[in-house]
Amino acid sequence: MDLSACFGAVALVYGVLFLLDNLLKSVMPHKYARVLRWSGINIGVLQIRWFTERFNRLLESFGSSCPGFLSSWFLFGAVISSLLIVPAFYFLITTLTGHFAADRGTDRVVIQPVLPGINIPNSELGYYFLSLLICSVYHEIGHAVSAVSEDVRILGFGVFVLFIVPAAYVDLPTDQLRNKSKLQRLRVFSAGVWHNIILVSVSYLVIQAFPLMSSVFYTHGSSLCIIHVTPMSSVTGPSGIKPGDEIISLAGNKLSNKNDFRNAIVTAMKEAQKGFCVKKENMDDYTLPTVTSLEVDCCANSSSSLCFEVDRTNRVCLHARKLISRVNQTCSADLPCGHQQHCVRPVFSDNATRFIQVARRNDKDFLFVGNPALIYTSVETSDYCPRSKYVNLEFPEMLLKMCNYLISFSGALAVLNVIPSVMLDGQHMMKVLLEIFLVGEYSIYQDSIQFGLTLFGTGLVLANFGVGFYTLLTVGSAAVF
């Protein structure tokens with residue numbers, strides 16, 4: 001789905017909801033108004049909001065349970081978040097200048113918006129919305145709990161979807177916040193960033209510890225597991241690849257993870273087709289009737305045989321599976337066979353076709369003839385293979401993919417929110433920090449420095465997003481943060 005189609009579909013849904021909302025308001029205004037007040041739902045132009053006070057008591061109970069610990073916890077988070085301001089500035093400036101340097105032929109890294117259907121596959125929409133919602137909700141819970149621990153009342157908690165971006169917010173009384181001390185305000189303002197840092201750390205630890213955590217149910221690092229196969233693709237069939245297969249090797253390259261799989265496919269595509277060393281006295285065991293020694297298709301499209309070139313001279317039709325099952329040595333121009341052996345190499349009418357042997361554990365080898373890239377695009381793989389047929393195949397990849405989304409989105413929220421920009425936490429954090437460090441005769445510079453940093457930070461954030469949208473619309477290949 002292209003960009004215009006995606007945005008058009010979303011806009012159409014919002015249009016229908018907006019018209020339905022206005023229709024109900026005109027047809028049954030009182031009943032519909034009571035429903036909206038009870039549910040807390042509000043439908044606007046290209047947005048849906050939900051606000052509630054139902055969680056206030058729960059958040060207040062948790063925030064007031066251990067005030068001493070929470071005060072120290074969020075003070076430590078305030079220090080870490082404040083120290084992140086300079087690296088965040090450096091990162092945004094570097095990515096922005098890197099974009100303009102790319103025009104002179106250098107590499108670039110830019111922040112690129114992540115949009116469903118554009119640079120996120122439709123199959124991962126659930127991960128996109130759920131992870132972004134978790135990051136936003138956890139961010140706001142940080143503000144709420146920190147505020148309660150500082151005796152600031154919570155007015156309510158809400159979630160909204162602005163076009164295609166889900167987010168959360170907490171409503172706090174600004175007058176109470178203004179009356180708190182500098183450190184108290186800094187703890188509240190930086191609590192959301194601190195929670196995002198914690199979420200990144202926990203997700204990273206889960207990824208690192210999962211091989212050990214899952215060792216009872218899954219093997220890891222010994223083979224590659226197939227978790228999904230595209231129906232009616234080139235790797236399906238009676239003897240084709242199927243979900244649950246454990247791939248040990250591909251074209252002679254041992255596989256222990258997805259990186260090995262990708263490298264093996266690239267190697268098979270780049271390198272010339274390798275041959276097999278066959279003892280001369282055994283050639284008759286594999287030879288089938290040959291149409292002609294001059295044609296590439298010397299087997300007349302036989303399904304169990306292939307045309308092979310013998311010692312780069314004549315071509316014969318050989319039984320492919322029988323040959324593969326009995327030979328264990330390959331040959332090439334740089335690696336010839338022994339004196340009593342023939343080097344037989346499959347020949348095809350085009351340079352992209354390869355004969356690939358895919359070795360599977362507890363099943364016969366899968367023999368593939370075609371472009372190796374089709375193998376890669378036809379399957380979904382995992383580094384984790386279940387020890388039992390009753391264990392879910394897809395759970396490890398689902399969990400690790402969710403953790404990677406959480407790291408990306410929560411890390412991005414942390415970096416952006418420490419920047420002193422309009423509508424971001426960094427604006428309030430910087431104001432408090434300037435009040436803490438610029439005292440006495442230097443206090444007269446607080447407002448001017450605050451204004452300058454906020455103006456610069458806002459421009460920096462907008463410029464990076466503008467560059468990201470430009471890259472998405474024109475190039476579409478920039479790194480996604």
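All of these numbers come straight from a predicted model, not from anything done at the bench.
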Using 30° and 60° as the class boundaries, would you call the ring planes of Trp194 and Phe76 parallel, tilted or perpendicular? perpendicular
Asp365 and Arg360 have their tightest heavy-atom pair at OD1-N, 3.8 Å
dist Met269:CE -> Asn351:CG (nearest 0.5 Å) comes out at 12.5 Å
Phe51 vs Tyr169 aromatic rings, parallel, tilted or perpendicular, using cut-offs 30° and 60°? parallel
Show every salt bridge (charged side-chain N to carboxylate O under 4.0 Å, His left out) that has at least one partner inside residues 144-157, sequence neighbours left out. Glu150-Arg187
Using 30° and 60° as the class limits, which term best fits the ring planes of Tyr128 and Phe409: parallel, tilted or perpendicular? perpendicular
If only side-chain N and O atoms count, and only distance matters, is there a donor-acceptor pair under 3.5 Å linking Gln427 with Thr454? no
Just checking, any donor-acceptor pair under 3.5 angstrom between side chains of Tyr218 and Asp383? no
So which atom in Asn257 and which in Leu224 form the shortest heavy-atom distance, rounded to 0.1 Å? C-CD1, 3.6 Å
Check the angle between the aromatic planes of Phe210 and Tyr384 and answer parallel, tilted or perpendicular using the 30° and 60° thresholds. perpendicular
Listed once per pair and sorted, the salt bridge (charged side-chain N to carboxylate O under 4.0 Å, His left out) pairs that draw on residues 213-230, sequence neighbours left out: none
Val235 and Ser378: which non-hydrogen atoms are nearest, and at how many Å? CG2-CB, 3.8 Å
Can you name the nearest heavy-atom pair linking Ser190 to Ser81, along with the distance? O-OG, 3.6 Å
So which atom in Ile227 and which in Leu393 form the shortest heavy-atom distance, rounded to 0.1 Å? CG2-O, 3.7 Å
Hits for salt bridge (charged side-chain N to carboxylate O under 4.0 Å, His left out) against Lys182, two or more places apart or cross-chain, chain-then-number order -> none
Return the orientation label for the His139 and His143 ring planes: parallel under 30°, perpendicular over 60°, tilted otherwise. perpendicular
For Ala11 versus Leu46, what's the shortest heavy-atom pair and its separation? CA-CD2, 4.4 Å
Charged N to carboxylate O under 4.0 angstrom, Asp175 versus Arg178? no
